[in-house]
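Worth saying up front: this structure is predicted, and the values here are computed from it rather than measured.
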Amino acid sequence: MTTLQKSLAEFLGTFWLVFGGCGSAVISAAFPEVGIGLLGVSLAFGLTVVTMAYAIGHISGCHLNPAVTIGLWMGGRFPAKEIPIYIIAQVVGAIAAAAALFWIASGNPDFDLAVNGLAANGVGEKSPGSYAMGAGIAIEVLLTFFFLMIILGATDGRAPAGFAPLAIGLGLTLIHLISIPVTNTSVNPARSTGPALIEGGIALSQLWIFWVAPIAGAILAGIVYKIMGGSGQEIVGTES
């Protein structure tokens, strides 16, 4: 595949991740009487990964996440020269999705960006459960570490073939079930960047946390997986 093809796949895949995941939170989570709640939002994020893994995994590997791209490089699965173009495509896709979501959500006369937001990540007063910065950083590092361990393991050449998208998507669902109350769940710098740029304010000032913590967790996972004897061979390109 050409660089352009891979970039377009990552752009579209990350757009779907942010639009589907954050969109479920903004539009459907608290809809009167039949809202999907935290369980529904968690499942929505997982479903975006599963669907895109099957749709574009064979084109770009379906990273959809700068932390995943860097973690795969650290684990010996991805060339360093392609990291910048992947991250650019992911971030642009996330911003485009957040902008589209804002435009659609604004079609409701009761929507107020300052009040309702776009499911941006945050700690302290921006945390859904008012968790402190230290707790937010810790959970983002920890959950991204395990997310990359799932990805590296599920796509290892010795793993059962064909099940990687399901394992990764369910892993992301579980991650959201755990951490939405703490940080609104990032584990993905691109996912955090799109909504933060549109919302501005606290979300934008805290954005650094959701770059540093997930990338740190991903790098650690890449190192640990290699120490454990992980294979550098992928069965298919189905990371998320």
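- Within the 3.5 Å criterion, the main-chain N or O of V123 finds a donor-acceptor partner in the side chain of Q206.
- Looking at every heavy atom in both residues, A221 comes nearest to M149 through O-SD, 3.7 Å.
- When the side chains of ILVMFWY residues are joined at heavy-atom separations under 4.5 Å, either directly or via intervening members, L8 and M1 end up in two distinct hydrophobic clusters.
- A continuous path of Ile, Leu, Val, Met, Phe, Trp and Tyr side chains, each step under 4.5 Å between heavy atoms, connects F145 with I178, placing both in one hydrophobic cluster.
- At least one side-chain heavy atom of I56 sits under 4.5 Å from a side-chain heavy atom of L64.
- Contact annotation: the side chain of E199 never approaches that of L204 to less than 4.5 Å [non-hydrogen atoms, C-beta and beyond].
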Audit row: D156, Y225, side-chain contact (heavy atoms from CB on, under 4.5 Å) steps and yes/no
CA-CA 10 Å; D156 193 297; Y225 195 74; 2.8 Å; yes

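- Taken from OG in S186 to CD1 in I139, the straight-line distance is 12.0 Å, to the nearest 0.5 Å.
- The shortest heavy-atom contact between A203 and A120 is CB-CB, 3.7 Å.
- Within 6.0 Å of CG in L39 there are 12 or fewer heavy atoms belonging to other residues, nucleotides or ligands.
- The aromatic rings of F15 and F19 sit parallel, their planes meeting at an angle under 30°, below the 60° perpendicular limit.
- A donor-acceptor pair under 3.5 Å is formed between the side chain of T51 and the backbone N or O of T48.
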Passes side-chain contact (heavy atoms from CB on, under 4.5 Å), I83 versus F78? Steps please.
CA-CA 8 Å; I83 292 176; F78 191 74; 4.0 Å; yes

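- At distances below 3.5 Å, not a single donor-acceptor pair connects side-chain atoms of E82 with backbone N or O atoms of P79.
- A distance-only check finds a donor-acceptor pair linking the side chain of R191 to the backbone of T185 [under 3.5 Å].
- V224 and I70 end up in the same hydrophobic cluster when Ile, Leu, Val, Met, Phe, Trp and Tyr side chains are linked at under 4.5 Å.
- A distance-only check finds a donor-acceptor pair linking the side chain of Y86 to the backbone of S60 [under 3.5 Å].
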Intermediate values then yes/no, side-chain contact (heavy atoms from CB on, under 4.5 Å), L17 and L172:
CA-CA 11 Å; L17 172 75; L172 189 60; 4.3 Å; yes

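- In this structure, the separation between CD1 on I202 and CD on E125 is 3.5 Å, given to the nearest 0.5 Å.
- Taken from CG in L197 to OG in S192, the straight-line distance is 10.5 Å, to the nearest 0.5 Å.
- With contacts defined as side-chain heavy-atom distances shorter than 4.5 Å, the pair W211/T193 qualifies.
- For the residue pair T69/H63, the side-chain donor-acceptor check at 3.5 Å is satisfied.
- Across L148 and G71, no two heavy atoms sit closer than the pair CD1-CA, 3.9 Å.
- When every heavy atom of S24 is checked against every heavy atom of V41, the shortest pair comes out as OG-CA, 3.7 Å.
- Separating the NE2 atom in H176 from the CG atom in L43 is a distance of 11.0 Å, to the nearest 0.5 Å.
- Note: the hydrophobic cluster containing F102 does not contain V91 (ILVMFWY, side chain heavy atoms under 4.5 Å, direct or indirect links).
- Between atom CZ of residue R77 and atom NZ of residue K226 there is a gap of 11.0 Å, rounded to the nearest 0.5 Å.
- Using a distance-only test at 3.5 Å, with no hydrogens or angles considered, no donor-acceptor pair links the side chain of K6 to the main chain of G61.
- The shortest side-chain heavy-atom distance between I175 and T144 does not fall under the 4.5 Å cut-off.
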Would L12 and W16 satisfy side-chain contact (heavy atoms from CB on, under 4.5 Å), going step by step from the backbone distance to the final call?
CA-CA 6 Å; L12 293 174; W16 185 237; over 6 Å; no

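- Taking 4.5 Å as the limit, every side-chain heavy atom of T173 sits out of range of all side-chain heavy atoms of F45.
- Note that the CG atom of L152 and the CE atom of M74 stand 11.5 Å from one another [nearest 0.5 Å].
- Partners of A105 according to the side chain to side chain contact (heavy atoms under 4.5 Å, CB included) rule, which considers only residues two or more places apart in sequence or in another chain, are V26, F111.
- Residues I223 and I219 have side chains in contact (heavy-atom distance under 4.5 Å, counting atoms from C-beta outward).
- Inter-residue side-chain proximity for V68 and F147 is flagged as met; some heavy-atom pair is nearer than 4.5 Å.
- Looking only at side-chain heavy atoms (C-beta outward), N184 and S127 stay at 4.5 Å or farther from each other.
- Looking at T2, its side chain does come within 3.5 Å of a backbone N or O of Q5 through a donor-acceptor pair.
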